[in-house]
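Notes follow once the structure below has been shown.
This structure is a prediction, so every number in the text was calculated from the model and none was measured. Just so you know, ligand 1 is whichever comes first in the structure, and atom 1 is the first atom listed for that ligand.
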Amino acid sequence: MASSTLTAPKRTTGGRSSIGLKFLMAASGLLFVLYVLLHMYGNLKVLAGEEAFNDYAHHLRTLGEPMLPYSGFLWAFRLLLIVALVTHVYAALTLWSRARSARTTRYQVKKAVTASFASRWMRWGGVALLLFIIFHLLHFTLLKPDLSDRFTAEEIKASPYDMVVGSFENPLLVLLYTLAMIALGLHLMHGVWSAAQTLGATGTPAKARLWQTVGKIIAAVVVVGFLIPPFAILLNIVGK
Ligand code: HEM
C-alpha cells in the first residue's frame, strides 16, 4: 500500500510533464506571435503599392546573401516554423487527451466552467486555424490561385502583388479570411495570457490583468492589421 502511494503518477514519468508541455506551447506560441506580426507588417505594404510590396517579397528571399543562398533565410525560418507548429500541435493534443482522461465533472465550480469554455475554444479554434493554415499555404504558396482570367501565370509568379490583389477581389475569399482572422484573434487573446501564466508572469491580480490586456491588444492589432489589405482591395482602395 505504502509503496503505491509513494509511486509518482504514471503520466508524469511516462512522457513529458504537463508543465513541460505547456512551456513548449508557450515558447512555440510566442514565436508564432512574432511571425504573425512580421507577416502582418509585410502584408500592409500592399497599401504602399505594387513596387513596395513586391520589393519586400523579393527582399525576404535575398536576405543574408551572399552568406546564405537565395531564399536561404526564408527556408531556415520556414523550418523553424514547421518545428514550432509540430511542437505546438503535439503538446496541445497531449494536454487535451490528459485533460479528457482526468476530467471530473461533478464538483466543478463556476470559474472552472469559464476556464473550460476558454480551453474548449482554444482547442476547436486551434483546429480551425490549422485547417486555415493548410488552405492558406495551398492557396498562396504551394499552388497559387487561378487568376487566368486576369493575369498570366508569369505575371503571378513575378508579382505577388497581382496574386494578392486578384485574390481579394473575390468577396467570398475576403469572408473566409475574415472568419479565420477572428478565430486567430480569439486564439491569440487567450494564448498570450495563457503563455504569460505558464511563464510565471501573472503572479499578482495586477499582473494577470496586465497580461489579459496585452493579449487583447495583440489580438486586436493582428485582426485589424491583417484585414486591412483584403478589405482595401475589395473596396478598390488599392488595386491595379
Ligand atoms: C489576411 C490575412 C493574410 C494574408 C492576406 C496573407 C497573405 C499571404 C501571402 C500573399 C503569402 C505568400 C507570400 C509569398 O509567397 O511571398 C503568404 C504566405 C504565408 N502565410 Fe499568410 N496571409 C495572411 C494571414 C496569415 C496567417 C494568419 C498566418 C499564420 C497563422 C499566415 C501564415 C503564412 C505562412 C506560413 C506563409 C508561407 C510563407 C512562406 O512562403 O515562407 N498567413 N501569406
Note the single closest protein heavy atom to atom 26 (C) of ligand 1, along with its residue, its atom name and the distance in Å. Phe132 CE2, 3.8 Å

shortest atom 24 (C) of ligand 1-to-protein heavy-atom contact is with Phe226 CE2, 3.4 Å

Atom 43 (N) of ligand 1: of Met181, Met40, His136, His58, the nearest heavy atom sits on His136

Ligand 1-proximal atoms of Phe168, by part, heavy-atom distance under 4.0 Å: side chain

Identify, for atom 10 (C) of ligand 1, the protein heavy atom at the shortest distance, and state residue, atom and that distance. Val164 CG2, 3.4 Å

Return the closest protein heavy atom for atom 40 (O) of ligand 1 as residue, atom name and distance. Arg78 NH2, 2.8 Å

Heavy atom of the protein closest to atom 9 (C) of ligand 1 (residue, atom name, distance): Phe140 CD1, 3.5 Å

Return yes or no for this condition: an N or O of Tyr177 is under 3.5 Å from an N or O of ligand 1. no

Among Tyr35, Phe32, Trp75, Phe53, whose heavy atom sits nearest atom 36 (C) of ligand 1? Tyr35

heavy-atom search around atom 37 (C) of ligand 1 in the protein gives Leu137 CD2, 3.5 Å

Protein heavy-atom partner closest to atom 16 (O) of ligand 1 - residue, atom, separation in Å: Arg61 NH2, 3.1 Å

Name the closest protein heavy atom to atom 4 (C) of ligand 1, giving the residue it belongs to and the distance to 0.1 Å. Asn43 ND2, 3.1 Å

Between Phe226 and Tyr177, ring centroids under 6.0 Å: no

